[in-house]
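Worksheet: one structure, shown below.
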Amino acid sequence: MTVTETGNSLTIVDNRTGKSYEVPVENGSINTMELRKIKVSEEDFGLLGYDPGYLNTASCKSRITYIDGDKGILRYRGYPIEQLAEKSTFLETAYLLIKGELPDKERLAVWTYNIRHHTMTHNNIVKFMDGFRYDAHPMGILVGTVGALSTFYRDAKDIGSEDSRKLQVRRLIGKIPTLAAMSFRHSMGFPYVMPDNDLSYAGNFLSMMFKMTELRYKPNPVLERALDVLFILHADHEQNCSTSSLRAVASSGVDPFSAIAAGCAALYGPLHGGANEAVIRMLMKIGSIDKIPEFIQSVKDGDGRLMGFGHRVYKNYDPRAKIIKDIAFEVFEETGRNPMLDIALELERIALEDDYFVSRKLYPNVDFYSGLIYQAMGFPMDMFPVLFAIGRIPGWLAQWIEHVKDGEQKIARPRQIYLGEDERQFVAMADRPKTRLDEQMAGICRL
Ligand code: ACO
């Protein structure tokens, strides 16, 4: 097959048949359904695109988040992440992602009020939570309990109603920190803490996590702001693994609680939201600065990966990692330096000078330093992916709404390239070749 591009189309010549096809180019892409017209015969199904892991397939048109991986750019609705991290709050950024514009003062106040008044959960959630084993992973609990919320809010099935969608958005952003904190308190055997709606979003979450016998929990303002910024940095990242999973599940028309539970499940994996936990485990395994060269060599020899490094899209420094590194130093001023920071800094320095990492464009990603901060704040490692999920909720919701309103979307249903057996006839059990077990059984029966 030969392909040439002229004007706004491609001319594809199929060398199998000599036929030529004109394929329109729009937004730098072709509609792969056009390839189906390329056939060797009338009965031929037509040409398919083969793209495991969707390395070069756009699944939607989106107006939410822009990434230029080569330049290290990340923007939500056009606003650079650096400006949002410096000047915005998590709830304001959530508004921006979901509604498309920054709110005025009054709209922000109403939005904040509405979310704060959806922080409580139905009391049956407590019973549900109590059913998990004492050592259940909090992310597993989150996947289960977010999915369970769909059974509490049956009105959420009405995904075509804008009013219903608005209500589910408030419920999900409001309740996720409550569920997250409950999952932690359950694993510790501590009583659950009621939301304190006079605190900020991050402050209330810290209170629900760490409040003990004091009458009122007072969050440390530096940690409260750091957590808020970390949530902003995680709020969206276009069509990543969890968002694509969520969109695929949502394409069946299911309610948003079930779709978001699918997003949480995808985020649970060590190559996605579990990577910051893997970074801490890696730093603990390295143990001291003098062991770094040996560790780097083992990675280069193919024995595991340098966790917190590399990204499918960023082939330059992840802009979120830069901001997080600065926050780390601010947090350590309050909490004391995390002893593993020095190992991380030296690991980064050595890796960024090493041809193996440089030639593959492997730079620190968002997870390289975030785990160190979470650990210094007192979060156990199991909670790291849960913290990621809290931050990602507005992005998932914005993507869900965009998906539901997108008339070009259909139920997600990829094709496959079948390489299995051709048709064959069923063989009755008595006619199948004898196995060693059959012979042994026959021997036993003869005894
Ligand atoms: N350490 C060592 N080598 C690596 C790493 C790494 N962290 N990441 C990629 N490579 C190497 C691969 O071995 C491969 O080398 P090769 O060409 O010699 O075979 C090359 O770089 C390309 O790697 P791919 O796996 O093809 O890259 P892909 O885009 O599929 O993977 C991923 C991206 C999954 C993030 C990968 O870089 C990785 O596993 N990183 C570590 C886990 C991590 O930090 N995940 C968090 C991602 S950010 C997020 O989800 C929020």
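Whatever order the structure lists them in is the order used to number ligands and atoms, beginning at 1. Counting from 1, the numbers follow the sequence of the chain as shown. The model shown is predicted, which means the values in this text are computed figures rather than measured ones.
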**OP:** Can you pull out the closest protein heavy atom to atom 18 (O) of ligand 1? Residue, atom name and distance to 0.1 Å, please.
**Re:** Arg360 NH2, 3.0 Å

Subject >> Sequence neighbours excluded, every pair satisfying ring-ring contact (aromatic ring centres under 6.0 Å, His included) that has a member inside residues 223-269 >> reply: Phe90-Phe231, His137-Tyr268, Tyr153-Phe257, His234-Phe388, His237-His311, His237-Tyr314

Original post:
Does ligand 1 have a heavy atom under 4.0 Å from the side chain of Leu362, from its backbone, from both, or from neither?
Top reply: side chain

Original post:
Heavy atom under 4.0 Å from ligand 1: found in Asn365's side chain, backbone, both, or neither?
Top reply: side chain

**OP:** Measure across Leu142 and Ala389 and return the closest heavy-atom pair with its distance rounded to 0.1 Å.
**Re:** CD2-CB, 3.7 Å

Original post:
Is the closest N or O pair between Pro270 and ligand 1 shorter than 3.5 Å?
Top reply: no

**OP:** Run the contact test for Phe368 against ligand 1 with a 4.0 Å cut-off on heavy atoms, strictly below, and give the result.
**Re:** no

Original post:
Just which atoms of ligand 1 are under 4.0 Å from any heavy atom in Leu271?
Top reply: 39 (O), 45 (N), 46 (C), 47 (C), 50 (O)

**OP:** State whether any protein heavy atom lies less than 4.0 Å from atom 15 (O) of ligand 1.
**Re:** yes

**OP:** Return the residue, atom name and 0.1 Å-rounded distance of the protein heavy atom closest to atom 35 (C) of ligand 1.
**Re:** Gly310 O, 3.7 Å

**OP:** Indicate whether atom 22 (C) of ligand 1 is within a distance of less than 4.0 angstrom of some protein heavy atom.
**Re:** no

**OP:** Please determine if Gly308 has a nitrogen or oxygen closer than 3.5 Å to a nitrogen or oxygen of ligand 1.
**Re:** yes

Original post:
At a 4.0 Å threshold, what atoms of ligand 1 neighbour a non-hydrogen atom of Ala275?
Top reply: 43 (C), 44 (O), 45 (N), 46 (C)

Original post:
Starting from atom 50 (O) of ligand 1, which protein heavy atom do you reach first, and at what distance in Å?
Top reply: His272 ND1, 3.0 Å

Original post:
Which protein non-hydrogen atom lies closest to atom 40 (N) of ligand 1, naming both residue and atom, and how far is it?
Top reply: Phe309 O, 3.0 Å

Original post:
Can you tell me which residue and heavy atom of the protein come closest to atom 48 (S) of ligand 1, and the distance to 0.1 Å?
Top reply: His311 CD2, 3.6 Å

Original post:
Does Arg320, backbone or side chain, put an N or O under 3.5 Å from an N or O of ligand 1?
Top reply: no

**OP:** Answer yes or no: does an N/O atom from Met307 fall short of 3.5 Å to an N/O atom of ligand 1?
**Re:** no

**OP:** Hey, can you tell me if Tyr363 and Tyr317 have their rings parallel, tilted or perpendicular (30° and 60° cut-offs)?
**Re:** tilted

Subject >> For Asp367, the ligand 1 atoms whose distance to one of its heavy atoms is below 4.0 Å >> reply: 46 (C), 48 (S), 49 (C), 51 (C)

Subject >> Salt bridge present between Glu348 and Lys325 (N-O < 4.0 angstrom) >> reply: yes

Original post:
Would you say atom 25 (O) of ligand 1 touches the protein, meaning some protein heavy atom is under 4.0 Å from it?
Top reply: yes

**OP:** Examine the proximity of ligand 1 to Val299 and report which part, side chain or backbone, both or neither, has a heavy atom under 4.0 Å away.
**Re:** side chain

**OP:** For side chain to side chain contact (heavy atoms under 4.5 Å, CB included), just list the numbers for Tyr192 and Met208, CA-CA rounded to whole Å, side-chain angles, deciding distance to a tenth of an Å, and then say yes or no.
**Re:** CA-CA 7 Å; Tyr192 305 126; Met208 290 189 292; over 6 Å; no

**OP:** Please state which part of Val366 comes within less than 4.0 Å of ligand 1, counting heavy atoms only: side chain, backbone, both or neither.
**Re:** side chain

Subject >> Atoms of ligand 1, numbered as shown, that sit under 4.0 Å from any heavy atom of Phe388 >> reply: 51 (C)

**OP:** Taking atom CE of Met284 as the centre, report whether more than 12 heavy atoms of other residues, nucleotides or ligands fall under 6.0 Å from it.
**Re:** yes

**OP:** Inspect the contact between Lys322 and Glu82 and indicate whether a charged nitrogen and a carboxylate oxygen are less than 4.0 angstrom apart.
**Re:** no

Subject >> Min N/O separation Tyr356 to ligand 1 under 3.5 Å >> reply: yes

Original post:
Pick one: which of Thr178, Asn197, Asn204 meets side chain to side chain donor-acceptor pair (under 3.5 Å) with Thr119?
Top reply: Asn197

Original post:
Nearest protein heavy-atom contact for atom 28 (P) of ligand 1: which residue, which atom, what distance?
Top reply: Arg312 NE, 3.6 Å

Original post:
More than 12 foreign heavy atoms under 6.0 Å from CG of Asn56: is that the case here?
Top reply: no

Original post:
If you draw a 6.0 Å radius around OH in Tyr418, do more than 12 non-hydrogen atoms from other residues or ligands fall strictly inside?
Top reply: yes

Original post:
What atoms of ligand 1 come within less than 4.0 Å of a heavy atom belonging to Leu306?
Top reply: 1 (N), 2 (C), 6 (C), 7 (N)

Original post:
So, Phe379 versus Phe210, ring centres under 6.0 angstrom or not?
Top reply: yes

**OP:** Count the heavy atoms of every other residue, nucleotide or ligand shown that sit under 6.0 Å from NZ of Lys300, and state whether that count exceeds 12.
**Re:** yes

Original post:
Are any of the side-chain nitrogens in Arg171 or Asp155 under 4.0 Å away from the carboxylate oxygens of its partner?
Top reply: yes

**OP:** Indicate yes or no for a side-chain donor-acceptor contact from Glu277 to the backbone of Pro385 under 3.5 Å, with no hydrogens or angles considered.
**Re:** no

Subject >> Interatomic spacing from CZ in Phe332 to CG in Leu341 - rounded to 0.5 Å >> reply: 5.0 Å

Original post:
How does Arg305 reach ligand 1, by side chain, by backbone, by both or by neither, if only non-hydrogen atoms under 4.0 Å count?
Top reply: both

